[in-house]
K.L.:
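Handing you a structure now.
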Amino acid sequence: MKRDPRFDILFEPVKIGPVTSKNRFFQVPHCNGMGYLRPKSLAAMRGIKAEGGWGVVCTEEVYIHSSSECDPLVEGRLWDDDDIPALAKMTEAVHEHGSLAGIELQHGGYCSTNHYSRIPPISPSPISVDSYAPIQARAMDKSDIRNFRKWHRQAALRSKQAGFDIVYVYAAHSGTLLTHFLSRRINRRTDEYGGSLENRVRLFRELIEDTKDAVGDSCAVAVRFCVEEFLGAQGITSENEGKEIVEMLAELPDLWDVNISDWSMDSATSRFESEGYQEPYMAFVKSMTSKPVVGVGRFTSPDTMLSLIQRGVMDMIGAARPSIADPFLPKKIEEGREDEIRECIGCNICVMSDELSVPISCTQNPTMGEEWRRGWHPERIEPRNSDDGVLVVGGGPAGLECALALGQRGYRVILAEASQELGGRVSRESRLPGLAEWGRVRDYRVLMLERMANVSIYRENPLSADEIFEFSAEDQFDYSHVLLANGSSWRRNGLGRIHREPIPGLDKLKVFTPDDIMDGVLAKGRVVVFDDDHFYMGGVLAEKLRREGHDVLLVTPAPDISTWTHKTLEQKKIQKQLMDLGVELATQTNLTAAETGKVELSCIFTERKIERECDSLLLVTERIPNDGLFNSLNGDPERLTNAGIKTLKCIGDSFAPATIAAAVYSGHLAARELQAEPQEEVPFLRERIQI
Ligand code: ADP
Ligand code: SF4
């Protein structure tokens, strides 16, 4: 297919100082949980981005000196020459596809607690570290500032040696030493590095100049700068100091990569922000510099990208998450296949992996993080090993992905879904407040499946074990492999983390589960929501019920609401939103019993009890895998053999309830493994420490 000429502008080369990007697609720095510990995984992942057409592919933040580290988080490291070979792997992988490699040099200042190095953190002024750790950063004296400049210069030279084409001076998000110098809240110095804005900008300016001096002959020097901190007059705002700083340094760097802060604002989820949400803050930058400007905003629509360039908002389309969800986004536009873009859904499961210090994963892209260790490619898959037919039961995220990957392998696939609608939990959950974009998990897969001649989809087909046995030999179907993706159902008895026995008295009160609410069953009157699940569901249902006019009390044994959403950068926003809506919150509280017209709550520490009147109780605790069908089929091996069924497997939530990302991954894995060589003892490669 040929690309739509409207999009030609996106494929124009862009000169960035001494180097040139082949197009306007710029994978901005993003964390990935691989970092210095897993360089082969990292190089393979970045290489695939380059193969997918990103003109520039950057690292994550790369710490430049032992006085700044963030263990146990796994980011990049360039402390000395020995760190060069690992990073060179990445530049080689990126250069192989004609893209530029960028490195984001980082010193975290007081946001580096240095638990590993045990070196006291440094800061413009003495200050407590950014976590609750009982550590304070010490103020930098002049020799510290000189040293910092020296370390940065050395890191720039090492970056060049490692093959990077673009070297960043990083003053964005809230955790960089340079932003601390820029900030009037943090920088309380009285020397030439503190006080007036000009003084606070001094180190930023010096670092750009140092970097240009060190490597500017052959490398572009980019800055990453946050133009809005959402801290009012005490912070950098796009109206005042953000603008003044850009004006002061306008022509100094070779490229401006601008965003908003902190990370939860920069990587806002779709529950709170939609595509292009940063434009109002960063749009001024282009009018102040002749240098190329990069911006981000979860851009997945080629029309939005086109408009951003045509309206002069930015010169290059920056993307972290859209490049994770679809590393081949640029190639798809280039080849006129833009409708095949696997759009990011803005769920921040990718961020969660980084927060957990494990290799990055993604809801939309099951191959993300598996490029090296399992050899998975987002666009290529092993062809089928036989002409056998495969039945996939259940059209939720696991079943859809499984059918798609099997279809791509060339198998003849029959996908049977009980209901009229495909998508399973994704369709249901995407109708909850703020989660509409999650429907993209279904939309992408259904679109691709409907184009496949070797895949037949049967809606409104709730299959029983007998039917699965009987249909297998029918000419019309004829399958030898059965993959069951029947999903899971929310418990109605309160079993979960805190209750290992059912909650007493539930027969005396009207009890609802999330499935009921998503099915449209109406709660009555005052509702108590008991959340022992701790991800988004409890909070989002409390929000829905409150918006529908109920008095809502949200009870959780956790220290805060939807506590796992700290990992997706949403917790504060969720709790604030619920408070603003008037949902009453009871944290560190158990729900110990139900009675007619009331529930009994108890403090998780003292077990002191109180009663609360209510009309409805919504239990968000745990899910039961829908594995009945699997057990029926599996319990009759003789009939399986007679029916010619060689493979029977349960996948997704019906195997083990977890995230949507886990369901997609499970479906993909099962498709890859069908009739493949048996696995080694450890089913993926590991990056071992060499001894
Ligand atoms: P997962 O997250 O594992 O994909 P979901 O709960 O999202 O699970 O999806 C399961 C899907 O399977 C639902 O759409 C459901 O209607 C469908 N399903 C469950 N049992 C059957 C069955 N026996 N036959 C066909 N479809 C089924
Ligand atoms: Fe987007 Fe979610 Fe994938 Fe992250 S995990 S890239 S937010 S779809």
Side-chain angles (χ1 to χ4, degrees), residues 30-32 267-271 275 298 300 319-327 329 342-354 360-369 391-403 414-430 437-438 440-442 444-445 457-468 482-490 514-515 518-519 567-570 623-630 632-633 650-668 670:
H30 72 75
C31 300
N32 49 73
S267 285
T269 56
S270 58
R271 188 163 167 189
E275 183 179 41
R298 225 174 52 248
T300 58
R321 291 172 293 174
S323 77
I324 295 167
D326 197 340
L329 183 150
R342 197 169 42 234
E343 291 181 281
C344 167
I345 65 165
C347 62
N348 279 4
I349 288 293
C350 48
V351 173
M352 183 186 87
S353 322
D354 183 59
I360 186 167
S361 55
C362 168
T363 302
Q364 276 284 55
N365 176 8
T367 67
M368 179 48 53
L391 171 69
V392 177
V393 182
L400 286 177
E401 175 61 26
C402 189
I414 298 142
L415 173 63
E417 162 56 43
S419 64
Q420 215 290 319
E421 183 183 50
L422 293 170
R425 63 181 287 196
V426 160
S427 292
R428 291 148 66 85
E429 293 179 23
S430 65
E437 276 189 29
W438 293 16
R440 291 172 173 182
V441 173
R442 169 204 56 218
Y444 163 74
R445 289 172 176 80
I457 303 178
Y458 294 86
R459 292 174 169 85
E460 294 183 275
N461 261 284
L463 291 183
S464 65
D466 283 343
E467 285 167 326
I468 292 172
V482 177
L483 296 156
L484 300 170
N486 305 91
S488 60
S489 312
W490 287 91
D515 291 321
M518 288 190 281
D519 285 342
K567 306 259 181 271
T568 55
L569 309 176
E570 296 171 292
R623 285 175 286 154
I624 313 163
N626 297 335
D627 53 9
L629 193 53
F630 174 80
S632 306
L633 293 164
C650 195
I651 60 173
D653 289 328
S654 59
F655 187 55
T659 56
I660 296 168
V664 171
Y665 181 82
S666 167
H668 192 84

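All ligand and atom numbering here is 1-based and tracks the order in the structure. If you're wondering where the values come from, they're calculated on a predicted model, not measured in any experiment. Atoms considered below: every heavy atom in the structure, side chains included; atoms not considered: hydrogens, waters and symmetry mates.
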K.L.:
Report the C-alpha distance between T367 and N365 in whole Å, list the side-chain angles of each, state the deciding distance to 0.1 Å, and finish with yes or no for side-chain hydrogen bond (donor to acceptor under 3.5 Å, both in side chains).
P.N.:
CA-CA 5 Å; T367 67; N365 176 8; 2.6 Å; yes
K.L.:
Which pair of heavy atoms, one from G395 and one from L415, lies closest together, and at what distance?
P.N.:
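That closest heavy-atom pairing would be CA-CD1, 4.3 Å.
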K.L.:
Could you identify the single nearest non-hydrogen protein atom to atom 7 (O) of ligand 1 and state the distance to 0.1 Å?
P.N.:
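That would be R425 N, 2.7 Å.
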K.L.:
Report, in ascending order of atom number, the atoms of ligand 1 lying under 4.0 Å from any heavy atom of A663.
P.N.:
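Counting from 1, the qualifying ligand atoms are 2 (O).
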K.L.:
Give the atoms of ligand 1, by number and element, whose distance to some non-hydrogen atom of G652 is under 4.0 Å.
P.N.:
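In order of numbering, the contacting atoms are 3 (O).
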K.L.:
Has R440 got a side-chain atom pairing as donor or acceptor with C344's backbone, closer than 3.5 angstrom?
P.N.:
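Yes, R440 side chain to C344 backbone: donor-acceptor pair under 3.5 Å.
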K.L.:
Going from CD1 on I345 to OG on S270, what distance comes out if it is rounded to the nearest 0.5 angstrom?
P.N.:
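Rounded to the nearest 0.5 Å, the CD1-OG separation comes out at 6.5 Å.
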K.L.:
Looking only at the side chains, is there a donor atom on one of N626 and S489 sitting less than 3.5 Å from an acceptor on the other?
P.N.:
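Yes, side-chain donor-acceptor contact under 3.5 Å.
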K.L.:
Apply the side chain to side chain donor-acceptor pair (under 3.5 Å) test between R298 and each candidate in E275, E437, E343; give the one that qualifies.
P.N.:
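Testing R298 for a side chain to side chain donor-acceptor pair (under 3.5 Å) against E275, E437, E343 leaves exactly one candidate, E437.
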K.L.:
Distance check, rounded to the nearest 0.5 Å: N486 atom CG versus D627 atom CG?
P.N.:
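Between atom CG of N486 and atom CG of D627 there are 8.5 Å.
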K.L.:
Give me the atom names and distance for the closest heavy-atom approach of A325 to R342.
P.N.:
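The pair with the smallest heavy-atom distance is O-NE, 2.9 Å.
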K.L.:
Quick one: which ligand 1 atoms are inside 4.0 Å of a heavy atom on P397?
P.N.:
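Per the distance check, 1 (P), 2 (O), 4 (O), 7 (O).
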K.L.:
In the protein, which heavy atom is nearest to atom 20 (N) of ligand 1, and how far is it?
P.N.:
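Sorting protein heavy atoms by distance from atom 20 (N) of ligand 1 puts N486 ND2, 2.9 Å first.
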K.L.:
Could you establish whether L463 and ligand 1 come within less than 4.0 Å of each other, counting only heavy atoms on the residue side?
P.N.:
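Per 4.0 Å heavy-atom rule, L463 contacts ligand 1.
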K.L.:
Which residue and atom name correspond to the protein heavy atom nearest atom 14 (O) of ligand 1, and how close is it?
P.N.:
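Checking every protein heavy atom, the shortest distance to atom 14 (O) of ligand 1 gives E417 OE1, 2.7 Å.
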K.L.:
Taking heavy atoms and a distance under 4.0 Å, where does L629 meet ligand 1: side chain, backbone, both or neither?
P.N.:
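Side chain only.
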K.L.:
Could you tell me the residue and atom name of the protein heavy atom closest to atom 9 (O) of ligand 1, and the distance to it rounded to 0.1 Å?
P.N.:
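For atom 9 (O) of ligand 1, the nearest protein heavy atom comes out as G396 CA, 3.4 Å.
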K.L.:
Could you check atom 10 (C) of ligand 1 against the protein and tell me its nearest heavy-atom contact, residue, atom and distance included?
P.N.:
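Sorting protein heavy atoms by distance from atom 10 (C) of ligand 1 puts A485 O, 3.3 Å first.
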K.L.:
Using a strict cut-off of less than 4.0 Å between a Lys/Arg side-chain nitrogen and an Asp/Glu carboxylate oxygen, indicate whether D519 and R428 qualify as a salt bridge.
P.N.:
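Judged by the 4.0 Å cut-off on N to carboxylate O distance, D519 and R428 do form a salt bridge.
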K.L.:
What's the verdict on side-chain hydrogen bond (donor to acceptor under 3.5 Å, both in side chains) for Q364 and R321, showing C-alpha distance, side-chain angles and the deciding distance?
P.N.:
CA-CA 10 Å; Q364 276 284 55; R321 291 172 293 174; over 6 Å; no
K.L.:
Do you know the tightest heavy-atom contact between R445 and V441?
P.N.:
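In this case the closest contact between R445 and V441 is NH1-O, 3.0 Å.
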K.L.:
What are the atoms of ligand 1, with element, lying closer than 4.0 Å to any heavy atom of N461?
P.N.:
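Close to N461: 24 (N), 25 (C).
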K.L.:
So which bit of A418 gets within less than 4.0 Å of ligand 1, heavy atoms only: side chain, backbone, both or neither?
P.N.:
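Both backbone and side chain of A418 come within 4.0 Å of ligand 1.
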K.L.:
For atom 8 (O) of ligand 1, which protein heavy atom lies nearest, and how many Å away is it?
P.N.:
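Answer for atom 8 (O) of ligand 1: G487 CA, 3.1 Å.
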K.L.:
Would you mind listing every salt bridge (Lys or Arg N to Asp or Glu O under 4.0 Å) that reaches into residues 415-424, with sequence neighbours excluded?
P.N.:
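Sorted pair list: E421-R431.
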K.L.:
Which value, rounded to the nearest 0.5 Å, describes the distance between I349 atom CD1 and Y665 atom OH?
P.N.:
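It comes to 14.5 Å.
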K.L.:
Hey, which atoms in ligand 1 end up nearer than 4.0 Å to a heavy atom of A416?
P.N.:
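Near A416, meaning under 4.0 Å from one of its heavy atoms, ligand 1 has 25 (C), 26 (N).
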K.L.:
To the nearest 0.1 Å, how far is atom 4 (O) of ligand 1 from its closest protein heavy atom, and which atom is that?
P.N.:
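Answer for atom 4 (O) of ligand 1: A398 N, 2.8 Å.
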K.L.:
Anything protein N/O/S under 2.8 Å from atom 4 (Fe) of ligand 2? Just list residue and atom, please.
P.N.:
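Less than 2.8 Å away from atom 4 (Fe) of ligand 2 sit C350 SG.
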K.L.:
Is it true that, when you exclude Y444 itself, more than 12 heavy atoms of the residues, nucleotides or ligands shown sit nearer than 6.0 Å to its OH?
P.N.:
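Yes.
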K.L.:
May I ask you to identify the nearest protein heavy atom to atom 1 (P) of ligand 1, giving residue, atom name and distance to one decimal place in Å?
P.N.:
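The answer is D653 OD2, 3.6 Å.
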